[in-house]
Amino acid sequence: MGDYSRNTFELTNIMHQLLSGVSVSDPQHYVGVRLQQARPILESDINEIDEIRKAETQTLLGSFIGNGVPSVNAGFEITASGSINNFTVTAGLILVDGIIVINESVTTYLAQKQKALVEALTQPAGSEDRIDLVYLDVWDEEIGAVGSNYDDDRLINQQVGIETARRIARQWVVRVEQGVQELPEEAQKPGHKYARLALMERSTSTDTIQDNMLIDQRKLGITLADNLKIPIYMRRGIESIDSQRFANMLNGLRTTLFTRLVDNSIPFKAMGPDNSSQQRNEALILMSMQALMHLCQLGENQALANSLDNEDALAFLGRLYTAQNDWLGIMSDIGNEDSIADTFINEYQPFLGNELSETGLLSAINVSLIHAVLAQEELNGWLSGSMGNNLPEGEVHAVYLAVTPYENLALSTAYDFTYEISANFSSPDGQNEEFEVIVNIDSAFGSFSVDQQTLVLSPPEESVIVTVTLVPSGGLATANLNVVAQASRNPINIRSSQAPIVLETGELPPVANFYFYTGPLSPISRVFSIPQNQIASASGRSVLFRLRNDSDSETRTYRVQAQIVPEVADASGWSPLVLTEVDDSPIILNADNDVDVFARIFANDPGNIPPIGTAGVIISSAELIDPVTEPQEPLTVTVPFVIINPTS
């Protein structure tokens with residue numbers, strides 16, 4: 001041993017007791033050492049810093065990650081060597097009770113670095129075969145230039161001619177305990193760590209260890225990143241995908257298919273030369289459809305359990321594409337008597353796409369998760385919309401009302417954001433409809449819960465208050481909180497379009513929404529689509545906003561303005577598009593009342609109409625001007641738009 005004054009880590013620290021099992025009198029939870037000015041510095045202080053660091057790392061790795069070999073690694077795999085009573089030990093890494101062990105090169109049992117510590121292997125004697133345990137023995141050992149078990153004269157500092165600090169070396173040896181499957185307690189030494197590597201089924205018929213005699217006992221693929229599932233989340237602009245929306249998409253496909261099956265609105269007719277063949281083919285078609293619906297339910301459950309990350313979700317959509325394609329293929333092959341399914345298949349297939357198409361689900365999968373989910377939602381919308389008048393029609397809004405407590409957002413504090421979910425809709429036979437509430441916010445900002453994720457609303461109009469409880473965690477300083485409401489049976493066409501609210505830790509949350517866009521948005525891109533011929537007309541195209549006074553008692557006065565901002569660096573000469581600003585005169589609203597506000601977008605030069613694909617944003621703001629107890633910023637709403645093909 002080196003020359004040390006004392007070991008304060010072993011003397012005082014609870015971590016020494018935890019890792020070694022040796023009791024410490026009055027153990028303390030020391031996690032660091034602070035050197036002081038004008039005080040002597042002993043080697044024990046410096047050594048304790050290293051012991052604490054090593055102990056915390058070992059505890060973290062051993063207790064929270066586990067034992068085994070990381071991904072894409074063959075560390076310490078035991079394989080046949082082809083020689084008598086010997087085997088190969090593969091190079092690589094292994095984690096043993098929080099200790100990282102490295103075998104830098106392929107070796108064998110008899111040629112390993114610590115071969116002097118192992119005993120020769122023997123072939124089973126007599127007539128009975130034998131099972132041996134192959135295991136790894138790991139320990140740390142002090143090394144010096146002289147006077148240690150494994151001297152290293154490179155530790156002598158040639159400038160002073162003596163050994164200064166000693167080193168701690170990680171030692172290991174692969175051992176074999178013959179005739180047992182578990183390591184006996186008497187074979188274990190204090191301070192050593194052990195890991196099972198393999199079982200050997202030794203045969204009396206040969207003294208050569210063969211691969212079919214070896215049973216791997218290592219834990220494989222313990223890399224944390226490969227096994228940690230970060231719930232689905234992706235955002236593009238104001239559009240975001242999370243686990244709830246992914247589950248809703250799959251639920252929408254499954255329930256629509258089931259409803260079509262019950263309504264007998266899936267057009268197929270089983271083919272076959274006789275009645276028995278037709279019945280068999282019909283059963284195959286239904287089984288294929290059932291497999292598709294079962295796949296949807298499986299993915300829905302996995303998403304809601306946060307067992308899918310973005311990569312998993314994209315791979316799942318690949319399976320969903322294949323399942324839908326296979327179902328249509330089976331219908332085409334054995335369920336298309338008298339071409340009854342042609343129209344349905346021919347309309348369905350473009351939504352799926354193929355290797356040659358630039359649109360459809362398959363093409364979207366090759367772009368990103370958010371593109372793929374939007375493509376499947378579009379398919380769901382067609383599939384449900386093509387069922388006739390069985391779907392609800394109308395609109396729904398998710399309006400931010402208030403937050404409690406109204407104070408600067410602090411970490412680990414719960415804030416209740418209340419929203420009014422207001423639906424104005426019609427439904428077949430006047431039946432109630434189910435609406436879903438989807439909350440989107442970056443999980444790095446904080447955690448959230450919602451008191452009502454599913455609402456059952458009655459036509460023609462009903463409103464419900466929903467509370468989203470948010471607890472900032474500090475992982476991200478700023479985030480958008482976006483609450484979306486949509487009809488479960490028609491999520492593409494009845495979906496709220498209100499803008500998210502911006503939150504920042506340490507700052508006050510925004511005041512309640514009193515101004516928001518209520519017009520249509522494209523189901524896929526969530527953009528306001530304007531037919532080219534409409535903006536060329538004298539009346540132009542109206543852009544609808546809604547102004548709300550949520551006060552219970554006071555009349556309020558607002559000023560509203562609007563403008564266009566093109567998506568180009570230089571707006572001059574870009575286009576003759578003009579957005580007429582809403583009347584600049586104040587709008588007076590009685591308590592608990594609202595009013596529609598129209599802006600108009602049009603081309604003021606009929607000879608220079610903006611081309612199809614022209615894009616930009618419409619920005620409108622509303623400002624409370626009376627009564628005002630303190631200065632308030634106008635509430636601004638931004639609506640992306642694009643010019644599309646003319647319509648009749």
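Only this structure's heavy atoms are used, side chains among them; waters, hydrogens and symmetry mates stay out. Given the structure is predicted, the values throughout are model-derived calculations rather than measurements. The first residue in the sequence is number 1, and the count goes up from there.
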**Q** Nearest heavy-atom pair of G299 and L308: which atoms, and what distance?
**A** O-CD1, 4.0 Å

**Q** Keeping the roles fixed (side chain from S427, backbone from G430), state whether a donor-acceptor pair exists under 3.5 Å.
**A**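 Not at all, since once roles are kept as given, no pair shorter than 3.5 Å links the two residues.
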
**Q** Is the F514-Y558 ring centre distance short of 6.0 angstrom?
**A**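 Yes, close enough.
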
**Q** Looking at CD of E393 and CD of E433, how far apart are the two atoms once the value is rounded to the nearest 0.5 Å?
**A** 10.0 Å

**Q** Check whether any side-chain N or O of N482 sits under 3.5 Å from a backbone N or O of I438 as a donor-acceptor pair, and report yes or no.
**A**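 No.
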
**Q** Nearest heavy-atom pair of V403 and P509: which atoms, and what distance?
**A** CG1-CG, 3.5 Å

**Q** Using the test side-chain contact (heavy atoms from CB on, under 4.5 Å), find all partners of V595 that sit at least two apart in sequence or belong to another chain.
**A** L547, I587, L589, V597

**Q** Passes side chain to side chain contact (heavy atoms under 4.5 Å, CB included), V483 versus V466? Steps please.
**A** CA-CA 10 Å; V483 176; V466 171; 5.9 Å; no

**Q** For S496 and A485, indicate whether the former's side chain and the latter's backbone hold a donor-acceptor pair under 3.5 Å.
**A**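 Yes.
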
**Q** Please lay out, stage by stage, how F445 and N480 fare under the test side chain to side chain contact (heavy atoms under 4.5 Å, CB included).
**A** CA-CA 9 Å; F445 183 83; N480 291 331; over 6 Å; no

**Q** Applying side-chain contact (heavy atoms from CB on, under 4.5 Å), name anything that partners V456, two or more places apart in sequence or on another chain.
**A** N432

**Q** Please report the closest heavy-atom contact between P510 and I501, naming both atoms and the distance.
**A**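 Looks like CG-CB, 3.8 Å.
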
**Q** Hey, mind stepping through L470 and L503 against side chain to side chain contact (heavy atoms under 4.5 Å, CB included) and telling me if it holds?
**A** CA-CA 11 Å; L470 176 67; L503 304 178; 3.4 Å; yes

**Q** Looking only at atom types and distance, does a side-chain atom of N251 sit under 3.5 Å from a main-chain N or O of E300, one as donor and one as acceptor?
**A** no

**Q** Do side-chain atoms of S620 reach the backbone of Q561 as a donor and acceptor pair under 3.5 angstrom?
**A** yes

**Q** Please list all pairs meeting salt bridge (Lys or Arg N to Asp or Glu O under 4.0 Å) that have one or both residues in residues 446-467, counting only residues at least two apart or in different chains.
**A**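 Non-adjacent pairs meeting salt bridge (Lys or Arg N to Asp or Glu O under 4.0 Å): zero.
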
**Q** Salt bridge or not for R495 and E377, using N-O below 4.0 Å?
**A**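 Salt bridge between R495 and E377, a charged N being under 4.0 Å from a carboxylate O: no.
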
**Q** Once side chain to side chain donor-acceptor pair (under 3.5 Å) is applied, do any residues pair with Q453, and if so which ones, sequence neighbours excluded?
**A** Q244

**Q** Within the side chain of D552, is there an N or O that forms a donor-acceptor pair under 3.5 Å with the backbone of D592?
**A**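 Checked: no pair found.
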
**Q** Identify, with sequence neighbours excluded, every residue that meets ring-ring contact (aromatic ring centres under 6.0 Å, His included) alongside F316.
**A**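 Counting only residues at least two positions away or on another chain, F316 forms no ring-ring contact (aromatic ring centres under 6.0 Å, His included).
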
**Q** May I have the list of side-chain donor-acceptor pairs in residues 357-366 shorter than 3.5 Å, sequence neighbours left out?
**A**
| unit_1 | atom_1 | unit_2 | atom_2 | d |
| --- | --- | --- | --- | --- |
| S357 | OG | N354 | N | 2.8 |
| S357 | OG | N354 | O | 3.0 |
| S357 | OG | T359 | O | 3.2 |
| S363 | OG | E358 | O | 3.0 |
| N366 | ND2 | L362 | O | 3.3 |

**Q** Tell me whether the NZ or CZ atom of R600 lies within the 45° cone about the ring axis of F598 and under 6.0 Å from its centre.
**A**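 No, cation not above the ring by the 6.0 Å, 45° rule.
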
**Q** So, using ring-ring contact (aromatic ring centres under 6.0 Å, His included) as the criterion, who are the partners of F545 when residues are at least two apart?
**A** Y515, Y517

**Q** If you measure from CG on N380 to CG on L253, what distance do you get to the nearest 0.5 Å?
**A** 5.0 Å

**Q** Scan for side chain to side chain donor-acceptor pair (under 3.5 Å) pairs involving residues 315-324, sequence neighbours excluded, and state none if there are none.
**A**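 Counting only pairs at least two positions apart or across chains, the side chain to side chain donor-acceptor pair (under 3.5 Å) contacts touching residues 315-324 are Q324-Y348, Q324-Q376.
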
**Q** Rounded to the nearest 0.5 Å, what's the gap from CD1 on I465 to OG1 on T418? Could you check?
**A**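 Those atoms lie 6.5 Å apart.
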
**Q** Kindly write out the residues that satisfy side-chain contact (heavy atoms from CB on, under 4.5 Å) with P634, not counting sequence neighbours, or none if the list is empty.
**A**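 So P634 forms a side-chain contact (heavy atoms from CB on, under 4.5 Å) with S621, E623.
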
**Q** Is it the case that more than 12 heavy atoms not belonging to I230 sit under 6.0 Å from its CD1 atom?
**A**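 Not more than 12 within 6.0 Å, no.
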
**Q** What distance do W382 atom CH2 and L379 atom CG have between them, rounded to the nearest 0.5 Å?
**A**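 With rounding to 0.5 Å, CH2 (W382) is 6.5 Å from CG (L379).
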
**Q** When you measure from the side chain of E507 to the backbone of L409, do you find a donor-acceptor pair of N or O atoms at a distance under 3.5 Å?
**A** no

**Q** With S243, which residues qualify under side-chain contact (heavy atoms from CB on, under 4.5 Å), at least two apart?
**A** P231, I232, N306

**Q** Taking N549 for its side chain and N590 for its backbone only, find out whether a donor-acceptor pair lies under 3.5 Å.
**A**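 Yes; judged by distance alone, with no hydrogens or angles, the pair exists.
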
**Q** Judged by atom type as modelled, is there a donor-acceptor pair below 3.5 Å linking the side chain of N301 to the main-chain atoms of L298?
**A** no

**Q** What are the two closest non-hydrogen atoms of A562 and L579, and how far apart are they?
**A**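 Scanning both residues, the minimum pair turns out to be CB-CD2, 3.6 Å.
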
**Q** Could you list all the side chain to side chain donor-acceptor pair (under 3.5 Å) pairs where at least one residue sits in residues 405-414, not counting sequence neighbours?
**A**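 Only E407-Y415 qualify under side chain to side chain donor-acceptor pair (under 3.5 Å).
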
**Q** Under 4.5 Å between any side-chain heavy atoms of F435 and I421, yes or no?
**A**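 Contact flag for F435/I421 side chains = no.
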
**Q** If I take atom OG1 from residue T614 and atom CD1 from residue I530, how far apart are they, to the nearest 0.5 angstrom?
**A**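 Reported value, rounded in 0.5 Å steps: 10.0 Å.
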
**Q** In chain order, what residues pass the side chain to side chain donor-acceptor pair (under 3.5 Å) check against S488, with sequence neighbours excluded?
**A**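 By the side chain to side chain donor-acceptor pair (under 3.5 Å) rule, S488 matches E434, E436.
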
**Q** State the CE-CZ distance between M234 and F246, to the nearest 0.5 angstrom.
**A**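 Going from the CE atom of M234 to the CZ atom of F246 covers 11.5 Å.
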
**Q** Quick one, Y400 with L481, criterion side chain to side chain contact (heavy atoms under 4.5 Å, CB included). Give me CA distance, side-chain angles, the key distance, then yes/no.
**A** CA-CA 10 Å; Y400 166 49; L481 174 60; over 6 Å; no

